[in-house]
Amino acid sequence: MIVYFHPDTSLHDPAEPHRFGGVLLPPAENASRSTRILGALSESGGFEVRRPDALDPDNLLLVHDRDYLDFLRSAHSRWREATGAPSSGEAVAYIRPLPGTPWRSPNHVDAQLGVYSNDVDPILEGTWKASLSSAACSVAASRAVHDGERVAYALSRPPGHHAARATFGGYCYLNNTALAAAWLAERGVRVAVLDVDTHHGNGTQSVFWTRGDVLTVSIHGDPEVHFPFFTGFADETGDGDGAGANLNLPLATGATWVRYRPAIDRALATVDSFGAEVLVLALGVDTHRSDGVLRLEDENYPMLGDALRTGLPTVVVQEGGYGEGVLEKAIPAVLSALDR
């Protein structure tokens with residue numbers, strides 16, 4: 001299987017702790033995730049790692065607003081100029097506009113951080129370049145599948161499925177999964193996105209909410225009690241041209257493979273009825289019990305790969321997964337099963 005990876009993704013490597021569950025914790029999404037995955041794939045064998053071509057920035061306009069992209073590109077340098085922070089500093093939002101009252105679109109970078117961010121993720125000096133390289137991996141994998149590969153894997157990090165048209169959050173800055181799907185759809189391909197990360201793909205859902213040419217399906221932990229909280233409920237089905245082209249399959253906290261497998265079957269039945277020609281798989285393995293939302297075990301990941309082998313050409317885009325040993329076992333297991 002072809003694996004697309006760019007070393008510049010390591011330029012986004014946050015270190016400052018953030019408050020989670022009442023305690024300060026180091027960021028779980030860091031550059032070591034790629035190193036861990038690459039090491040595991042090398043040990044497993046059967047994977048050919050390639051560097052993607054440079055991304056045409058205009059491709060990003062398929063899923064993101066130009067003003068947002070301009071902000072991401074310049075935010076860290078502007079923040080340093082405004083605050084005197086060092087190049088190693090991490091820019092984090094600390095103020096957001098009040099809902100329910102008129103507010104003026106701000107020019108100051110501190111205020112813009114609050115407009116474009118939806119949680120506590122930082123922007124680093126290397127965030128823009130790393131995010132571009134991560135997005136380039138997803139486009140390269142899409143191009144490979146479009147050109148005839150049966151399966152291609154984008155080792156994209158920072159991940160992407162929580163990034164919306166004009167907001168970042170959930171460790172995500174550019175929506176790699178949505179970009180892969182939109183790039184294919186732009187070429188006349190009927191695409192289905194299946195997100196198996198343990199958290200709802202809220203950014204991907206929002207990008208395609210009013211589009212009927214891309215199906216979005218997400219299997220995830222109950223958003224009543226888990227990030228991203230505000231979306232991911234079963235009654236969200238799309239709007240306008242996208243009415244009926246969005247399916248959410250939330251699962252109760254602690255759901256095991258016994259409950260997870262029927263959700264996959266329902267998701268794939270929907271993909272089939274949609275008439276998809278290509279599947280874009282948003283692969284998060286934070287469904288593992290160690291991440292505390294769902295309770296998949298090590299032995300379930302080869303089964304997951306088997307279940308997702310639909311016969312459709314498949315673009316796999318890396319999303320979440322953090323626990324010690326989880327990435328190393330789960331990613332090769334899913335990919336190897338998909339490639340059988």
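We number each residue from 1, following the sequence as shown.
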Taking [X] as the fixed residue, which of [options] is the one that meets the side chain to side chain contact (heavy atoms under 4.5 Å, CB included) rule?
| X | options | answer |
| --- | --- | --- |
| Glu90 | His76, Glu16, His18, Glu125 | Glu16 |
| Leu174 | Leu179, Leu69, Val63, Leu55 | Leu69 |
| Leu283 | Val317, Val196, Asp195 | Val196 |

Is there a side-chain contact between [X] and [Y], using heavy atoms and a 4.5 Å cut-off?
| X | Y | result |
| --- | --- | --- |
| Thr167 | Asn118 | yes |
| Trp257 | Arg295 | no |
| Arg51 | Tyr4 | no |
| Pro223 | Phe229 | no |
| Val217 | Val193 | no |
| Arg266 | Leu249 | yes |
| Val271 | Phe274 | no |
| Trp103 | Leu98 | no |

Could [X] and [Y] be called an ion pair, given the rule that one side-chain N must be under 4.0 Å from one carboxylate O?
| X | Y | result |
| --- | --- | --- |
| Glu328 | Arg36 | yes |
| Asp306 | Arg340 | yes |
| Arg66 | Asp70 | no |

Any luck finding a side-chain donor-acceptor pair between [X] and [Y] under 3.5 Å?
| X | Y | answer |
| --- | --- | --- |
| Asp298 | His288 | yes |
| Arg96 | Ser117 | yes |
| Gln205 | Thr231 | no |
| Asn246 | Thr237 | no |
| Thr253 | Asp222 | no |
| Glu29 | Tyr322 | no |

Counting distance only, does the side-chain N/O of [X] pair as donor-acceptor with the main-chain N or O of [Y] below 3.5 Å?
| X | Y | value |
| --- | --- | --- |
| Ser131 | Thr127 | yes |
| His6 | Cys137 | no |
| Asp121 | Gly170 | yes |
| Ser42 | Leu38 | no |
| Asp8 | Lys129 | no |
| Ser273 | Thr270 | yes |
| Asp65 | Tyr68 | no |
| Glu43 | Ala40 | no |
| Asn176 | Pro158 | yes |
| Arg190 | Val214 | no |

Side chain to side chain contact (heavy atoms under 4.5 Å, CB included) assessment of Val280 paired with Leu184: CA-CA 10 Å; Val280 174; Leu184 289 163; 4.1 Å; yes
Cation-pi check, Arg187 onto Trp183 ring (under 6.0 Å, within 45° of axis):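 Positive - Arg187 is close enough to the ring of Trp183 and near enough to its axis.
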Phe5 six-ring face occupied by Arg50 cation (under 6.0 Å, within 45°): no
Residue pair His199, His220: steps toward the side chain to side chain contact (heavy atoms under 4.5 Å, CB included) verdict: CA-CA 5 Å; His199 303 102; His220 49 265; 5.6 Å; no
Contact summary for [X] and [Y], nearest pair of heavy atoms:
| X | Y | result |
| --- | --- | --- |
| Ala307 | Ile264 | CB-CG2, 4.1 Å |
| Trp79 | Asp110 | CD1-OD1, 3.5 Å |
| Asn202 | Pro228 | ND2-CB, 3.5 Å |
| Ala337 | Pro302 | CB-O, 3.5 Å |
| Asp197 | Thr287 | C-CG2, 4.3 Å |
| Ala91 | Leu113 | CB-CD1, 4.0 Å |

Verdict with reasoning, Ile2 to Tyr153, per side chain to side chain contact (heavy atoms under 4.5 Å, CB included): CA-CA 6 Å; Ile2 299 172; Tyr153 171 55; over 6 Å; no
Interatomic spacing from OG1 in Thr256 to CG in Asn300 - rounded to 0.5 Å: 8.0 Å
Between SG on residue Cys172 and CG on residue Asp119, distance to nearest 0.5 Å: 9.0 Å
Centroid separation His12 to Tyr173 less than 6.0 Å: yes
Phe227/His200 aromatic ring centres below 6.0 Å: no
Parallel, tilted or perpendicular: rings of Phe71 and Phe168 (30°, 60°): parallel
In this structure, are over 12 heavy atoms from other groups packed under 6.0 Å from [X] atom [atom1]?
| X | atom1 | result |
| --- | --- | --- |
| Glu297 | CD | yes |
| Glu299 | CD | yes |
| Arg150 | CZ | yes |
| Arg73 | CZ | yes |
| Asp147 | CG | yes |

Check against side chain to side chain donor-acceptor pair (under 3.5 Å), Glu319 and Thr177: CA-CA 8 Å; Glu319 294 291 356; Thr177 290; 2.6 Å; yes
Cluster check Leu155, Ile331: I/L/V/M/F/W/Y, side chain < 4.5 angstrom: yes
Arg157/Tyr171 under side chain to side chain contact (heavy atoms under 4.5 Å, CB included): CA gap, chis, key distance, verdict: CA-CA 9 Å; Arg157 76 141 304 272; Tyr171 308 140; over 6 Å; no
